[in-house]
Amino acid sequence: EVISWDYEPFTIPYLDDKEATRNYIPDFSVVCKNDKNYLVEVKPLSSSLRNTDSNLRKRNACILWCEKMGWTYLQWSAEEKQPNTIFSLS
């Protein structure tokens, strides 16, 4: 069951292709009653945006941050309609 969620909750630093530090902003954070926390990125399923160099760098930084913090990274698309299968919004 979801306790809270936030849109663009904070930034996570990552290195771009020139090794400059940039900031990635996850789309959503979700905190659940079962002590599970999620960072969620929303990208179109059929989009080439999912695998650009920049987005791969952002995703990798987010995954590492999640591992360090004990959170789970999720990437969704509107077409997949996954939130209802993972979160109880009652």
Side-chain angles (χ1 to χ4, degrees):
E1 184 175 328
V2 173
I3 295 173
S4 65
W5 64 274
D6 197 12
Y7 175 67
E8 295 186 343
F10 46 79
T11 61
I12 296 173
Y14 73 98
L15 297 177
D16 68 13
D17 60 343
K18 295 183 169 97
E19 300 298 313
T21 300
R22 303 283 183 201
N23 286 311
Y24 161 68
I25 304 171
D27 289 330
F28 297 96
S29 64
V30 181
V31 176
C32 294
K33 198 175 202 176
N34 60 1
D35 293 329
K36 291 200 175 199
N37 300 313
Y38 301 88
L39 285 184
V40 181
E41 180 68 20
V42 179
K43 293 272 187 258
L45 185 61
S46 59
S47 173
S48 60
L49 290 175
R50 282 186 173 226
N51 294 315
T52 64
D53 181 64
S54 176
N55 280 335
L56 290 172
R57 289 172 182 272
K58 293 174 190 178
R59 183 181 315 136
N60 288 338
C62 190
I63 289 168
L64 289 173
W65 184 94
C66 285
E67 288 172 356
K68 179 179 174 184
M69 302 303 289
W71 287 44
T72 300
Y73 172 80
L74 300 172
Q75 187 173 39
W76 289 339
S77 72
E79 300 95 340
E80 292 171 309
K81 299 184 184 351
Q82 288 180 331
N84 295 333
T85 63
I86 295 174
F87 303 120
S88 168
L89 300 175
S90 54

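Linking ILVMFWY residues whenever their side-chain heavy atoms come closer than 4.5 Å, directly or via other members, places W76 and Y38 in the same cluster. Residues V30 and L74 are members of one and the same hydrophobic cluster, defined by side-chain heavy-atom contacts under 4.5 angstrom among Ile, Leu, Val, Met, Phe, Trp and Tyr.
A heavy-atom distance below 4.5 Å is found between the side chains of Q75 and R59.
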### Message
Checking N55 against E41 for the side-chain contact (heavy atoms from CB on, under 4.5 Å) test, could you report, in this order, the C-alpha distance in whole Å, the side-chain angles of both residues, the deciding distance, and whether it holds?
### Response
CA-CA 10 Å; N55 280 335; E41 180 68 20; 5.7 Å; no
### Message
What verdict does the side-chain contact (heavy atoms from CB on, under 4.5 Å) test give for L64 and E67, after you've listed the backbone C-alpha separation in whole Å, the side-chain angles of each residue and the deciding distance to 0.1 Å?
### Response
CA-CA 5 Å; L64 289 173; E67 288 172 356; 3.8 Å; yes
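Shortest non-hydrogen contact noted between D16 and R22 is OD2-NE, 2.9 Å.
Formation of a donor-acceptor pair under 3.5 Å by the D27 side chain with backbone atoms of V42 is found in this model.
Remark: T21 engages P13, L15 in a side-chain contact (heavy atoms from CB on, under 4.5 Å) (not counting sequence neighbours).
Side-chain heavy-atom separations under 4.5 angstrom define the hydrophobic clusters, and the remaining members of the one that includes Y14 are F10, I12, Y24, L39, I63, W65, M69, W71, Y73.
Between atom CD of residue E8 and atom CZ of residue F28 there is a gap of 8.5 Å, rounded to the nearest 0.5 Å.
Around the CG atom of D35, the shell of radius 6.0 Å holds no more than 12 heavy atoms that belong to other residues, nucleotides or ligands.
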